[in-house]
There are 2 protein chains.
Amino acid sequence: MPQLLARKYEQFIGLADDDRAALQHLADSPARTARARTDIIREGEQPRGAMLILDGWASLYKTLEDGRRQMLAMLLPGDLCELNASMLREMDHSLGTITALTYVELPAPVMEALAIDHPRIASALTWDLLVAAAIQREWTLNLGQRSALERIAHLICEMFVRLNAVGLTQAGGFDCPLTQTDLAEATGMTPVHVNRTLQDLRARRLIEWRGRSVVILRWQDLCSAAMFSPNYLHIERSEDHPGVGGQQSMERST
Amino acid sequence: MPQLLARKYEQFIGLADDDRAALQHLADSPARTARARTDIIREGEQPRGAMLILDGWASLYKTLEDGRRQMLAMLLPGDLCELNASMLREMDHSLGTITALTYVELPAPVMEALAIDHPRIASALTWDLLVAAAIQREWTLNLGQRSALERIAHLICEMFVRLNAVGLTQAGGFDCPLTQTDLAEATGMTPVHVNRTLQDLRARRLIEWRGRSVVILRWQDLCSAAMFSPNYLHIERSEDHPGVGGQQSMERST
DNA sequence: CGAACCTTTGAACGGTGTCAATTCTGGTGG
DNA sequence: CCACCAGAATTGACACCGTTCAAAGGTTCG
């Protein structure tokens with residue numbers, strides 16, 4: 001948990017000691033907690049500050065009047081969202097927890113001061129925004145063009161790479177609190193079909209998924225089944241990727 | 001075409017004369033042109049500056065290796081894209097024209113200087129980025145949860161409101177250069193099904209669409225068929241919306 | 001050890017996709 | 001001014017992916 005943000009941003013830009021200290025200072029702000037499956041802010045409400053996830057998983061989502069619900073983004077530890085959102089009059093989406101969550105709310109003035117005092121952090125924040133937008137575009141592609149199997153596989157690939165970037169993977173797998181209903185909301189499918197698709201992925205020996213434990217058995221094959229290429233995550237300096245399954249690399253194939 | 005940007009940004013923030021002049025100066029930069037159906041920049045290439053659309057329509061899109069293609073955003077006159085994109089090593093999506101296009105390329109240093117000299121413009125640019133992200137989220141919802149009819153109807157509603165904001169609507173309709181194949185790429189459907197869905201919308205007397213002319217017959221009913229609410233476009237000061245179909249209002253109905 | 005939630009299964013349905021023609025339209029050259 | 005052409009729109013028949021609805025197992029945790 002310590003240095004989550006600094007670690008992430010150093011993938012993009014070198015930080016000085018005082019930059020790291022400033023980022024650590026953010027994470028040391030009085031943390032808030034929320035229980036699993038609760039909303040932190042809802043569509044229609046007035047935006048508060050940016051939200052920095054310290055521990056646990058959350059999601060952005062929207063709902064239609066008749067109850068249909070679509071997840072828009074998965075928020076993992078180290079993720080920042082709603083940056084600058086307070087410029088808008090009201091929220092156009094909701095932020096809800098998946099697990100119990102520890103986070104900090106960072107009011108706009110705090111972020112402004114931070115950006116002024118630390119130009120490299122300002123750059124890193126812009127980079128963070130760009131990457132979030134890129135992920136949103138990839139999700140658009142996911143929903144619009146990929147088949148059920150490809151969508152689920154793609155989501156697994158993305159979660160793995162993102163968790164890996166903050167040190168939350170272990171030996172070719174990760175701890176995943178998502179239910180099949182969550183996966184359904186993220187991929188625009190029904191829970192029933194998610195279940196069948198996961199069975200398919202397991203039958204192909206691409207992954208194992210028991211309880212909260214996801215294990216990726218064949219990274220390259222999973223990537224190609226998903227048509228996953230990590231380019232949109234814009235991770236520039238990938239020196240210390242552990243590699244999945246021992247010898248396989250996480251480099252783009254093609 | 002003159003004052004396109006200023007007009008749009010004044011929906012969000014008041015501008016001073018010198019702000020307007022600076023925006024006009026941008027649009028006066030040596031304009032580039034591109035023919036219809038050509039790419040301006042492709043995935044994998046190195047980002048250049050921001051792109052400001054002066055005239056014509058374009059789109060952002062991504063493709064999968066096997067040729068499946070998904071439109072990510074519709075770019076209309078007055079739209080700005082790829083702001084800050086040059087911070088990233090390579091493009092993760094492509095920008096292609098739909099019609100013949102007039103645009104300007106704005107190198108990062110130009111935009112930086114502009115933001116430093118004109119704080120209100122800097123705010124407006126951030127607002128622009130936030131709205132673009134909100135639209136991307138709405139497209140995610142569109143693809144993930146809405147039916148074919150809802151998707152097409154929603155896209156038409158969005159295009160109308162956005163064109164209206166830059167004065168490109170006429171009497172409850174607008175000039176639309178999109179082919180049914182374009183609509184298919186935007187909505188994640190096949191061209192054949194787009195065709196049938198448009199017939200459905202026409203049979204319900206919600207729209208007319210002949211050639212390039214789109215006429216919205218019953219705005220409120222189209223909105224509710226689409227579950228469209230313009231809140232995500234974050235148009236704050238909507239004093240001079242002409243209203244569609246004479247007496248109908250564009251306010252949200254809930 | 002029960003209750004709540006999650007996962008899994010089966011069968012039938014239906015929205016969209018696929019494929020292949022055919023008709024229409026706008027722009028072009030003779 | 002008209003014949004022509006390429007692209008766009010339209011149509012029909014059929015297949016299939018994913019949904020729907022309902023019920024049965026599993027798991028977790030108080």
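The sequence lines fix the lettering, A, B, ..., with proteins before strands; numbering per chain opens at 1.
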Trainee: Between B/Q199 and D/dT11, is there a contact of a side-chain N or O with OP1 or OP2 at under 4.0 Å?
Mentor: yes
Trainee: Which ones in residues 149-158 of chain B lie close to DNA chain C, meaning a heavy atom under 4.0 Å from one of its atoms?
Mentor: none
Trainee: Taking the minimum atom-to-atom distance to the side chain of B/T179, which one of C/dT8, C/dT16, D/dA8 wins?
Mentor: D/dA8
Trainee: Nearest whole Å is fine: how far is C/dG15 C1' from B/R146 CZ?
Mentor: 18 Å
Trainee: Could you give the CG-to-P distance, from B/L143 to C/dT16, as a whole number of Å?
Mentor: 13 Å
Trainee: Answer with base, sugar-phosphate or nothing: what part of the nucleic acid does A/T197 contact at a heavy-atom distance below 4.0 Å?
Mentor: nothing
Trainee: Report yes if a side-chain nitrogen or oxygen of A/N195 is closer than 4.0 Å to either non-bridging phosphate oxygen (OP1 or OP2) of C/dT7; otherwise report no.
Mentor: no
Trainee: Atom pairs under 3.5 Å, N or O on each side, protein against nucleotides 21-29 of chain C: can you list them with distances?
Mentor:
none

Trainee: Specify the residue among A/S147 and B/T181 whose closest nucleotide of DNA chain D lies further upstream toward the 5′ end.
Mentor: B/T181
Trainee: Can A/E43 and B/N231 be counted as having a side-chain donor-acceptor contact under 3.5 angstrom?
Mentor: yes
Trainee: Using atom names, set out every protein N or O paired with an N or O of nucleotides 19-21 of chain D below 3.5 Å, distance rounded to 0.1 Å.
Mentor:
unit_1	atom_1	unit_2	atom_2	d
D/dT19	OP1	A/T190	N	3.3
D/dT19	OP2	A/T190	N	3.3
D/dT19	OP2	A/T190	OG1	2.9
D/dT20	O4	A/R196	NH1	3.4

Trainee: Going by salt bridge (Lys or Arg N to Asp or Glu O under 4.0 Å), A/D182 matches just one of A/R69, A/R212, A/R37. Which one?
Mentor: A/R37
Trainee: Within the structure shown, what part of the strands sits under 4.0 Å from B/R202 by heavy-atom distance: base, sugar-phosphate, or nothing?
Mentor: sugar-phosphate
Trainee: Roughly how many Å is it from CD in A/Q145 to C1' in C/dG17, rounded to a whole number?
Mentor: 12 Å
Trainee: Let me know the distance between CD of A/Q180 and C1' of C/dT8, rounded to the nearest Å.
Mentor: 8 Å
